[in-house]
Amino acid sequence: MGDASTLERLRQDARDELAALIELRCRLGEDPWVFLPDLPSVDEQVVATLREERLHSER
């Protein structure tokens with residue numbers, strides 16, 4: 001990992017994941033003004049994904 005195309009793919013995946021989460025929570029009737037500030041940024045989501053993958057690969 002480490003090249004720009006991999007990073008951009010990870011960032012796009014994170015954007016897609018966050019968009020799906022936002023849509024789901026809105027459909028469930030939650031107010032976006034309440035929950036949006038608590039969601040991670042795209043880059044924070046990428047870091048969380050990388051950490052999770054690393055943890056699973058070390059087992």
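- Within the hydrophobic cluster formed by Ile, Leu, Val, Met, Phe, Trp and Tyr side chains joined at under 4.5 Å, directly or through other members, Phe35 is accompanied by Leu21, Ile22, Leu36, Leu39.
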Run the side-chain contact (heavy atoms from CB on, under 4.5 Å) check on Val46 and Leu50 step by step: do they pass? CA-CA 6 Å; Val46 168; Leu50 291 171; 4.0 Å; yes
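- Note on residues 30-40: pairs passing side chain to side chain donor-acceptor pair (under 3.5 Å), not counting sequence neighbours, are Arg25-Glu30.
- In this structure, the side chains of Val47 and Glu44 stay at 4.5 Å or more apart for every pair of heavy atoms.
- Contact record, Pro32 with Pro37: O-CD, 4.1 Å, taken as the closest heavy-atom pair.
- Atom OG of Ser57 sits about 11.0 Å away from atom CD of Glu52, to the nearest 0.5 Å.
- Judged as a side chain to side chain donor-acceptor pair (under 3.5 Å), the pairs with a partner in residues 14-23 (not counting sequence neighbours) are, in order, Glu8-Arg15, Gln12-Arg15, Gln12-Asp16, Glu17-Gln45, Glu23-Arg27.
- With a 4.5 Å cut-off on side-chain heavy atoms, Thr49 and Asp13 do not count as touching.
- When only modelled atom types and interatomic distance are considered, Ser5 and Asp3 share a side-chain donor-acceptor pair under 3.5 Å.
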